Amino acid sequence: MTLPQLEIQLVAVVVAVACALPGVFLILRRMAMMSDAISHAILPGIVVGFFITESLGSPLLIVAAALTGLLTVALVELVERTKLVKEDAAIGIVFPVLFSLGVILIARYAGDVHLDTDVVLLGELAFAPFDRFTAFGLDLGPRALWVMGAALGLNALFLALFYKELKLATFDAGLAATLGFMPGALHYALMSLVSLTAVSAFDAVGSILVVALMVGPPATAYLLTDRLAVMVGLSAGTGALGAIGGYWLAHALDASIAGAMATMTGVLFGAAVLFAPERGVVARWRRRRRQTWRFAEQMLAIHLLQHENTPEAERECRVGHLQEHLGWAASFAERVVHRAARHGTIERQNGRLRLTDPGRTVAEDALERT
Amino acid sequence: MIDLLHELLFNYTLRTVALGAATLGIVGGGLGTYAVLRGQSLLGDAISHAALPGIALAFLLTGSKEPIVLMLGAAGAGVVATLVILGVTEATRVKYDSALALMLAVFFGLGLVLLTYIQRHAGASQAGLDAFLFGQAAALVERDVITMAALGGAALLAMALGWKEFKLLAFDRDFGASLGFPMRSLDVVLTTLLVVAIVIGLQTVGVVLMSAVIIAPAAAARQWTDRLGVMVGLAAAFGAVSGVSGAVASASISNLPTGPTIVLVMGGVVTLSLLGAPNRGLLWQAWRDRRNARRLRRETVLLDLYALAVKHDRLDHAHEESVLDAMNAWTDRTHRALRQLAADGLVAEAADRHWRLTDAGATRAHQLAEERHLVPPPASEAEPPPAD
């Protein structure tokens, strides 16, 4: 691995973690689509900021663009509050209009500035190592690393300082308001962080992929845990994993790194959907199957218990009779009996089924519970 | 103006672009109506972003840049994304908004990987695929427009054929199910039609902005009417007008990209509708509020005057305006209310700044007081208590 490769991966990981932190609260507050709206709508802010500062890395540009993000949030709320348009439609109108404004500004003045819509929308992480941050003649590493490091630090600091407030406002906004925690102010603070992070990240990964990094890892973590603190940690870890995996995927295909990071984020989410320990599709399927068998074994034990030592026992306690009495298919009945015998709850004696002592306990326990 | 018309009719490029923009506006507006009414506005956004890998994959597999091939690829990816979003929402506890945002970005990322892969491996033959990002209306040729019109026309026809069923789906799904309509299949069909509407616009407007073409005309049309049929027609008309004017504007002004211009025009139409639509519009609302406030002020002043008259046992007793001022909060407007009441013949100025009720005013005030249960009906008119 060469130094630029290492640097690219480092930037990718820092971007992913910086995005994952506010993302956790976005998805818990059901505002995931705001990340989409903000990341598109910052374009005119970036363009105007670029006209003024003539540098994509200027802090002034970042602030100007982040303000556009907040403007988007405010505009969506303004339109929504008229009650003439639903929230989703309000989002879906406001951000394309702002984005269009940005594209037109770029197109009109493309001759004068070095700024390309593709760059803003798609980003190019591969160029990150070439743009160095130097101070006092010293090379201090890629500029993107510093910008994103600052965003990550800010997000982490905010999270650490307002963790309790965020948690309360997210899960019980009403109580938070009653206790005087100002959920409204917290909402705007969170939106500011989302804007700031999206602006900082756009020249590395592009504005649309910011959405993948903000929503993907937290959604994955959401499937793995019920604890907020664990979810934050898992999101950061998933984000980092997706970033590194994405880098190598892009390396193998010789394709866009940002696109590959988003794809890997999707792959990790898909893996969580399938294989999450408790909520995964596979885990749920296995649990259901296990329950089917256990229930069938209990039924068998209860059936045998009912007919134990009765005159009909000879007729009732046979595998073939289970089809008639419990409505089981022959093969299923055979398999249940086989499993029950293996677990030692019943015994076979010349075709007759007999409860063992543990089997009797199983049946009695099951009956007692109902 | 004449020049513009001449250009529209006889300039091949402009005519093609304008027709294409009109087509996508009509189809997007018409079918977008259902998306907006059903709360699926952002699904349109997700579908349009998700179309990108479909376009790239279609090109990778066939090597063809035929519009119909790319549109089919885009539609396939759009349908897959929709199904994945619905599947994730149903099978896991991940919420709809997260699923939308995630699939939108992941599919787009995959599309980007495929596009860059094609770029670096297939050389120059990929030229033109980038157009799908932001759209490239100027590159539209007649065959593109014919494909768009054929697909869009088919989608609109399907919408018309299932009109009653789709209406049920949009407004009362459970009722439709209870009548025995296959609501789930209808849902799939209508969403597929939405995918078609999105796909035919991608080449002109691009994946990023296409959602606005679906949402904006419908959201604007909603303000003008409460009837589905009218709303679909209006949305299609708004879409067409925005499409054509955006296309014309971008053709006449240099460096004005078509897609974003169309979206800006649509944003303007939405703003105008939100402000100016009769009944629902904000200006209309403000005017109605003002009118109501004035009427309430007039009635209150009239009632105050009546109350004073009743206290003095003389309905034509004149009272000082300052007294009336003191009786309510909007002191500076009492005079205006009195002048309006005088114009209606309900009060008269007995002396300078002294007002009395006229006969008509007394009758009206009494009526108002009764309506608001401020006075018990006079004993003589009240019905005697029923005898047991």
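Here is how names work: the chains are called A, B, and so on, in the same order as the sequence lines, proteins then strands, and each is numbered from 1. Quick caveat: nothing in here was measured; it's all calculated off a predicted structure.
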Count the heavy atoms of every other residue, nucleotide or ligand shown that sit under 6.0 Å from [atom1] of [X], and state whether that count exceeds 12.
{"X": "Glu278(A)", "atom1": "CD", "value": "no"}
{"X": "Arg93(B)", "atom1": "CZ", "value": "yes"}
{"X": "Arg30(A)", "atom1": "CZ", "value": "no"}

Pick from [options] with the largest number of heavy-atom pairs that fall under 4.5 Å of chain A:
{"options": "Ala35(B), Gly111(B), Gly109(B)", "value": "Gly109(B)"}
{"options": "Ala91(B), Ala219(B), Gly267(B), Ser211(B)", "value": "Ala91(B)"}
{"options": "Asp45(B), Thr261(B), Thr92(B)", "value": "Asp45(B)"}
{"options": "Val36(B), Ile215(B), Leu43(B)", "value": "Ile215(B)"}
{"options": "Ile262(B), Leu274(B), Leu256(B)", "value": "Leu274(B)"}

Where on [X] is there a heavy atom nearer than 4.5 Å to chain A: the side chain, the backbone, both, or neither?
{"X": "Gln285(B)", "result": "side chain"}
{"X": "Leu37(B)", "result": "backbone"}
{"X": "Val270(B)", "result": "side chain"}
{"X": "Ser250(B)", "result": "neither"}
{"X": "Met103(B)", "result": "side chain"}
{"X": "Thr271(B)", "result": "neither"}

**Study point:** Glu77(A) and His187(A): side chain donor to acceptor below 3.5 Å
**Key:**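 Side chains of Glu77(A) and His187(A): pair found under 3.5 Å.
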
Review point. Heavy atoms, side chains only, cut-off 4.5 Å: are Leu104(B) and Leu100(B) in contact?
Key: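 Counting from C-beta outward, Leu104(B) and Leu100(B) never come under 4.5 Å.
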
Check your understanding: His49(B) versus Met210(B): any side-chain heavy-atom pair under 4.5 Å?
Key ->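 Side-chain contact under 4.5 Å: no.
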
Check your understanding: Could you go step by step and tell me if Asp187(B) and Thr191(B) meet the side-chain hydrogen bond (donor to acceptor under 3.5 Å, both in side chains) rule?
Key -> CA-CA 6 Å; Asp187(B) 195 344; Thr191(B) 309; 3.3 Å; yes

Point to revise | Approximate separation, where rounding is to 0.5 Å, of Tyr222(A) OH and Met231(A) CE | key: 7.0 Å

Check your understanding: Atom CG in Leu274(A), atom CG in Leu223(A): separation rounded to 0.5 Å?
Key ->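 Taking CG in Leu274(A) and CG in Leu223(A), the distance rounds to 10.5 Å.
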
Practice item. Carefully, step by step, assess Val88(B) and Tyr96(B) under the rule side-chain contact (heavy atoms from CB on, under 4.5 Å). Key: CA-CA 8 Å; Val88(B) 164; Tyr96(B) 183 61; over 6 Å; no

Chain B heavy atoms under 4.5 Å from [X]: which part of the residue, side chain, backbone, both or neither?
{"X": "Asp88(A)", "answer": "both"}
{"X": "Ala250(A)", "answer": "neither"}
{"X": "Met31(A)", "answer": "backbone"}
{"X": "Ala89(A)", "answer": "both"}
{"X": "Val79(A)", "answer": "side chain"}

Mind ranking [options] by heavy-atom pairs under 4.5 Å with chain B and telling me who comes out on top?
{"options": "Val210(A), Leu26(A), Ile27(A)", "value": "Ile27(A)"}
{"options": "Leu213(A), Val85(A), Thr265(A), Leu253(A)", "value": "Leu253(A)"}
{"options": "Val97(A), Thr263(A), Leu84(A)", "value": "Leu84(A)"}

**Study point:** Heavy-atom pair of closest approach, residues Pro96(A) and Ile91(A)
**Key:**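 Minimum heavy-atom separation between Pro96(A) and Ile91(A): CD-O, 3.9 Å.
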
Practice item. Measure from NZ or CZ of Arg289(A) to the centre of the six-membered ring of Trp285(A), then state whether that distance is under 6.0 Å and the direction lies within 45° of the axis. Key: yes

**Study point:** Presence of salt bridge, Asp254(A) and Arg120(B), under 4.0 angstrom
**Key:**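 Yes, this pair counts.
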
Check your understanding: Hey, is Asp97(B) close enough to Arg29(A) for a salt bridge, meaning N to O under 4.0 Å?
Key ->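 Judged by the 4.0 Å cut-off on N to carboxylate O distance, Asp97(B) and Arg29(A) do not form a salt bridge.
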
Practice item. Take Thr116(B) and Ser256(A) through the test side-chain hydrogen bond (donor to acceptor under 3.5 Å, both in side chains) and record every step on the way to the result. Key: CA-CA 6 Å; Thr116(B) 43; Ser256(A) 152; 4.9 Å; no

Point to revise | Members of residues 80-87 of chain B whose heavy atoms come closer than 4.5 Å to chain A | key: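 Checking residues 80-87 of chain B against chain A gives no residue, so none.
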
